[in-house]
Amino acid sequence: MKRIRLIWDFRGPAADKTAQHHEIHLKQYSATINLNKGLAGSKRLNDVHSIAYLIVDESDMIKVRDALKPHRGEIYEKSSPGFSKEGK
């Protein structure tokens, strides 16, 4: 089954802290709706750009997308550059 990484972008000097905080809410959301294998994390891309992300099964993507309004998404592959470890 395909997995999708839903991504929220944060920019500015507080981007990393904001992305880390958003990650907490994504984990809470995953637990609340019993999201099967929902993996949330955050990543600092540079000094002024960080992301929070939630990896979901393709079958769950539309309901999560409509509820949480991510900025973008991509097909998740474990070997994706920069995402070798879940969570950070």
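Positions are given from 1, in the same order as the sequence printed here.
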Which heavy-atom pair separates Ala19 from Ala52 by the least distance, and what is that distance? O-CB, 3.7 Å
Worked check of salt bridge (Lys or Arg N to Asp or Glu O under 4.0 Å) between Asp66 and Lys63: CA-CA 5 Å; Asp66 290 352; Lys63 74 177 177 184; over 6 Å; no
Minimum side-chain heavy-atom gap Leu54-Trp8 below 4.5 Å: yes
Measuring from atom CE of Met61 to atom CG of Leu6, what distance do you get when rounded to the nearest 0.5 angstrom? 7.0 Å
Between CZ of Arg5 and CG of Leu39, what distance do you get to the nearest 0.5 Å? 10.0 Å
Can you tell me how far NZ of Lys43 sits from CG of Asp16, rounded to the nearest 0.5 angstrom? 10.5 Å
Are there over 12 heavy-atom neighbours, none belonging to His25, within less than 6.0 Å of that residue's NE2? yes
I need the Ile7 CD1 to Ile55 CD1 distance, nearest 0.5 Å. 9.0 Å
Measuring from atom OG of Ser42 to atom NZ of Lys17, what distance do you get when rounded to the nearest 0.5 angstrom? 10.5 Å
Do His22 and Leu68 touch side chain to side chain, with heavy atoms closer than 4.5 Å? no
For the atom pair CD (Gln20) and CZ (Phe10), what is the distance rounded to the nearest 0.5 Å? 11.0 Å
If I compare all heavy atoms of Ile4 with all of Glu58, which pair ends up nearest, and what's the gap? CG1-CA, 4.1 Å
Expected output: side-chain Asn46 to main-chain His49 donor-acceptor under 3.5 Å: yes
Do Arg65 and Ile62 have side chains that approach each other closer than 4.5 Å (heavy atoms only, starting at C-beta)? yes
Are the side chains of Val48 and Arg11 in touch, meaning some heavy atoms are under 4.5 Å apart? no
